[in-house]
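What follows is a set of notes on a single structure, which appears directly below.
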Amino acid sequence: MSIEVKAIDKTFGTFKALDQVSLKVATGELVALLGPSGSGKTTLLRIIAGLETADCGEIFFHGDDARGKMTKDRNVGFVFQHYALFRHMTVFENIAFGLRVKPKALRPSEKQIKEKVHELLKLVQLEWVASRFPSQLSGGQRQRIALARALAIEPKILLLDEPFGSLDAQVRKELRQWLRRFHDHLHITTLFVTHDQEEALEVADKIVVMNKGKIEQVGSPEDVYHNPASVFVLNFLGNVNIFHARSSAEHKSGEKPAKMYVRPHQLIVSRSPLSENSVKVVLTFVNLAGSIVKIDAQSQKGEIFQVEMSQEEYRALKLTKSDEVFLTPKNIAFSEYEI
Amino acid sequence: MSTRTEPAWIRRALIGIALSFLALFILLPLTVVFMNALNKGIAIYLKSLSDPAALAAIRLTLLTALIAVPFNLIFGVAASWAIAKFDFRLKNLLITLIDLPLSVSPVISGLIFVLLFGAQGALGPWLRAHGIKVIFALPAIILTTIFVTFPMVARELIPVMKAFGNEEEEAAMTLGANGFQTFWRVTLPNIKWGLLYGVILCNARAMGEFGAVSVVSGHIRGQTNTLPLHIEILYNEYNFTAAFAAASLLAMLALVTLILKSIIEFKYRAELAAAGKFVIKMENHV
Amino acid sequence: MKVRYVLIGILIGMAMINLTGKAWPKDKEVTLLNVSYDPTRELYVDYNKVFTQYWKEKTGETVVINQSHAGSGKQARSVIEGLDADVVTLALAYDIDAIAEKSGLLPIQWQERLPDNSSPYTSIIVFLVRQGNPKNIKDWDDLARSGISVVTPNPKTSGGARWNYLAAWGYALRKWNNDELKAKDFVRAVFKNVPVLDSGARASTTTFVERGIGDVLISWENEAYLAVKDLGPERFEIVVPSVSILAEPPVAVVDRVADQHGTRKLAEEYLNFLYTPQGQEIVAKHYYRPRLKSVAQKYAAQFPPIKLFTVDEVFGGWQKAQKTHFADQGIFDQISPL
C-alpha cells in the first residue's frame, strides 16, 4: 500500500508544525522521517495515522482518499515511543486486542486468535512471554510486543514513532538490525520517525529530512549523506567542519566560495601546509578508543575542528596531543558561495 | 523509602497526636452512638429500627443513593473524560461548575432548588400548572442529593485519567477499536480503583446528606424524611434511644465506607508501585 | 473483575429492599397532610389515632394523616413554597396570615371561620426551672436579674419565641404603667441574660434540659409539662409567673390544596373535631388549655388560674406586633445583643 500526502498544513495554536508538506512513499518501502525536535515529523506520522487531523491537504493510501476515514478504519499499525501496551492485559491479550475488537462479522474464532497470536510471538521471538504482563518485560521486549500487536491486524502500513528512543544504546542497535531484517522479510510499507541520523542511515531505504515543518531533502542514505541539499541536512547527518575559503580558485564560474563544509574523515593532516586552504591547528584532544581515532583541534582564531582517521594513519603520522599540525580539506561536502 | 531524619521522639509525638485526634473525633463519638443506641437493650434497638417511619426513612435514603450514585457515576466519568483528554473552550467553566457544590454550603444548595422549583420560584407556576411535584417531594430530595454529590466521582477521576495519558486509548484506536470498545476495554480497567473510590465517597455523602435535603424535604413523616432527617425528628421528640439507634446505622455506614476506602487505597497503591516504571509522561511530540 | 459483581450485587440488593416497601397507597385510602409546628408532635400522634377511628366509623373511609413538624415560621414559608398542606396548625395567626397574603391559598379572613379565633386550644407562657428552684425565680423581674441565665428561642425564627417576648413586654407595660421605654429596657435586660438563641422551641428545650444550659427556660406551658413528664419530674419544676400572655395557636384549612385533593370536607371535619369533647380531652391530656368549659374544669388542677392578656389587647394584633417588634430594624433587632 503506497502513501501519498499532498500539501499538508498543521498549526497548533500559534505554532506551525507542518507547512505545505508533500511526500510519496512507495509500497514496501522503509522510510525514515528524520529531523530535530519540533521539525514536524511526529505530527506528520500522527496525521497519516488519523490521530491528528491536518488543517488542509490530502492523504491517499494506494490512491484512495484516506482523509474521511477515522483512525480505526485506516488499518495502519502504529508503534508508540513508549510502547503504549495495555498495562492491565497479558501479552497475549495485548496482541489479540486488534482481533477481538473487530466487528462481529469479521471477528476470528478463539482458536484462530490463539494461532495468530502465537504466530506473531514467534515472529518477534518472544513466544515464552505470552502470559506475562507488560510490566514484567524489558524495554526491548515491550517494543517487540508492541510491534507484534500492531501487526496482528495485518496492516498495509506500519508507522513507528521513535520506536527505539526509550531504549539503551546496545538494545537500540540490536533492534535496529532486527527491524531491517524484519522488513526484508515482510515487506510492509513502513514509515518511522527518528531524530537519530545514525539510525536513519543504517535502517532506511529512503530518508526524509525535515526541519521546522518543511521537508529539506528526500533521498537514499548515500544521497542524503554525500549530496546534502542544504547546510541543515549536512549538519544534521554527521559532523562537519567549516572552512572559510581564502582563494577564488575553487569554482569554475568565478564565484568566490565563502564557506566550505568538510566531513571529519575528509581532512588531511600534515606537518606543513599543503594549499592556501590549509589551516594551522593545535590538537586539543585525542580519542583512541574505538575503531577510528577522533581528534579535536583548535586554530589560532579559536575555530574548532573534528578530524577522523584510521588507527594506522594515526600511528603513521606519529601525532600526539598538543601537536601543531595543518588541516587541508580533501573532499568538500558542501560549499556556500558569496553572492 | 525516604530517609527519616527526625529524632525518634518527634516521630512518636506526631504519631501520638494523630492517634489521639483519631480517638477523640472518631472513636469517642462512635462509642457514644452505639452505647446510647443499645442502653435500653437489643430488643428496643431493633424495635425502633423496625418502626414504620424508620423503615420509610431507611428506604428513602437507599432509594436516593440508588439513583444519585449511578447518575453521578456516569456523569463523572463523562466529565472527567472530557476534561482529562480534550481541550475545549468551556473546559474551565465545567471544572468550576463541578467544584461548585463543594464550595457552597449545603443549605444554600437546598435553597437553590426551592428558588427554582418552589411555588413562588422560577419554574414553580409551570410545574404547578402541569401537576408536577418536585419540591417537598421525592424528586427534589434526589435532585438535591445529586447536586451535592456531583463532584465526588469527577474529582477522583480527573487526576487519574490525566496520569494515565492518552496513549493506550490511541493505540486501541489504531488497532480498530471504536469509542465504546476503547472505553470499556482500555480506559475502564485503568481507572477502576479511582472510580470505585469516587463511588464510595459519593454514596457516603448521598446517604448522609442533611442540610440540603432538610431544606427541600417538607419533613413529612414516613414520606419525605431520609435517615438523617428522621434522626433529627426523633431527637426533637426526646426519643433519644431511637435517635441513636438510627444514628448507629449511619455510623456503621461510615465505618464500612472507611474500611472499603482503605482497602482500595492499599490495593491501588500496590498496583501503582508495581506498574511504577509504566507511568507515561505526556510529551508533546512534534 | 470480581469487584464488578460485588457492585452489581449491592445495587440489586438496594433495589430489592425498595420494592418490598409499601410505596403506593391502596385504594379507598385518603391522605391528609397536617403541617404543624414543633411542640404539637405528641398531641397529633394521639389525636390522629382517635380521629381516623372516628372518621372510619362515620364514613367507612380510611384516612392516613401525614404530619410535618418544624418551626412555625419555617413551616409557613414551606407552605408558601409549595408544601401541599391540607390543613395548617401553626403557632401564631401571623404565620397563617402570611400564607394567605403571599400565596392566596386560603382567604384573608380565615381566622373568622372557626370559633375562638380559630384556636381550639391555648397555652400560656411559663418558666421551667431546675429542681428546688435554686436561683429562686418567681416572676418576670427575676429574668432580668444579673447572674441569671435565661433560655429562649430566637423570635426571628420561632413562633414560640415571639410569644415569650410579647409576654415579657406585656408584663413590663403592666408593671410600669404602660411606659414603652421602661418595657424596652426590661426586655433588653432579659435578652442580655440569654446565652444561646436556638431556632425553635424544641431546640431551646433541648438546650435547657439535655445540655444543662441556663437557670430558667421561658416556654409554652404545654412544652414545660412535656419536658417534666418525659425527662424527669425529679429534675425540673414549673413556675407560673404573676401574669402571662394568652397564646392562641390557630388552625386552618388550606382551601386551594384541600379542594385540589378533594379533601375539603375531611379537612374541615378534622379541625372541627378538635372542638368536640373528645378532641378537647386529648388536647388537655397533652397539656394544652382546652376551650370547652367542661373539660377545662376537669383538668383545673393542671391549669392554675392566672392573669392573662392577649396580643390584641396589649399590642393591637399580630400584624402590628410583628411590624413593631420583629420586622427588620424592629425593636428586637435594636435591643438584641446577639
Side-chain angles (χ1 to χ4, degrees), chain B residues 52-53 55-56 58-67 69-70 73 111 113-115 117-121 124 127-128 131 133-138 140 188-189 192-193 195-196 199-200 203 214-225 229 232-233 235-240 260 264 267, chain C residues 1 3-4 6-7 10-23 25 31 33-36 38-39 41-42 44-45 48 64-71 74-75 77-85 102-105 200-203 205-206 209-210 226-227 229-231 256 260:
Chain B
L55 283 180
I58 294 173
R59 236 180 280 131
L60 184 59
T61 297
L62 287 177
L63 180 66
T64 307
L66 196 63
I67 297 178
V69 173
L73 177 67
L111 206 59
F113 284 95
V114 174
L115 289 173
F117 298 110
Q120 312 281 317
L127 289 168
R128 192 139 242 183
K133 283 231 75 196
V134 174
I135 212 76
F136 304 127
L138 188 62
L188 207 52
K192 70 171 180 245
W193 293 120
L195 195 60
L196 208 54
V199 165
I200 289 178
N203 182 62
S214 175
V215 174
V216 305
S217 153
H219 298 277
I220 303 177
R221 285 198 72 146
Q223 284 196 358
T224 60
N225 278 317
L229 297 182
E232 188 201 21
I233 289 182
Y235 188 73
N236 275 334
E237 290 175 351
Y238 307 128
N239 201 345
F240 300 121
L260 284 178
I264 291 178
K267 291 209 109 157
Chain C
M1 271 317 187
V3 185
R4 216 198 313 182
V6 172
L7 279 178
I10 293 175
L11 287 175
I12 293 178
M14 282 166 72
M16 290 207 310
I17 294 176
N18 267 288
L19 292 174
T20 57
K22 181 181 75 147
T31 51
L33 178 59
N34 176 357
V35 170
S36 189
D38 242 352
R41 296 166 194 270
E42 293 78 12
Y44 281 109
V45 166
N48 290 346
V64 173
I65 304 178
N66 287 318
Q67 290 290 133
S68 173
H69 293 273
K74 180 175 177 200
Q75 293 292 61
R77 275 192 288 281
S78 296
V79 172
I80 294 169
E81 284 295 344
L83 181 55
D84 277 342
K102 296 225 172 77
S103 69
L105 292 168
R202 205 36 84 91
T205 312
T206 309
V209 167
E210 281 297 298
L226 197 62
K229 178 179 97 149
D230 274 353
L231 301 165
R256 261 225 242 133
Q260 212 172 29

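Note that these values count all heavy atoms, side chains included, but never hydrogens, waters or copies made by symmetry. In what follows, every chain begins at residue 1, and chains take the letters A, B, ... in the order their sequences are listed.
Contact count versus chain B (heavy atoms, under 4.5 Å) is highest, among Gln75(C), Glu210(C), His69(C), Glu42(C), for Glu210(C).
Considering only heavy atoms from C-beta on, Gln120(B) comes within 4.5 Å of Ile80(C) through its side chain.
For Leu115(B), no part sits under 4.5 Å from any heavy atom of chain C, backbone or side chain. Residue Lys74(C) touches chain B through its side chain alone, counting heavy-atom pairs closer than 4.5 Å. Residue Asn34(C) does not touch chain B at all, counting heavy-atom pairs closer than 4.5 Å. Looking at Leu83(C), the atoms closer than 4.5 Å to chain B (heavy atoms on both sides) sit in the backbone and in the side chain alike.
By the 6.0 Å contact criterion, NZ on Lys229(C) is open, its count of non-hydrogen atoms from other residues, nucleotides or ligands being 12 or less.
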Notebook entry, point to check: Step by step, would you call Ile233(B) with Arg41(C) a side chain to side chain contact (heavy atoms under 4.5 Å, CB included)?
Noted result: CA-CA 10 Å; Ile233(B) 289 182; Arg41(C) 296 166 194 270; 3.5 Å; yes
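Nearest heavy-atom pair, Ser68(C) versus Gly218(B), reported as atom, atom and distance to 0.1 Å: OG-O, 2.5 Å. The two residues Asn66(C) and Arg221(B) come nearest to each other via the heavy atoms OD1-O, 3.9 Å.
How far CZ of Phe240(B) is from CG of Asp230(C): 9.0 Å, rounded to the nearest 0.5 Å.
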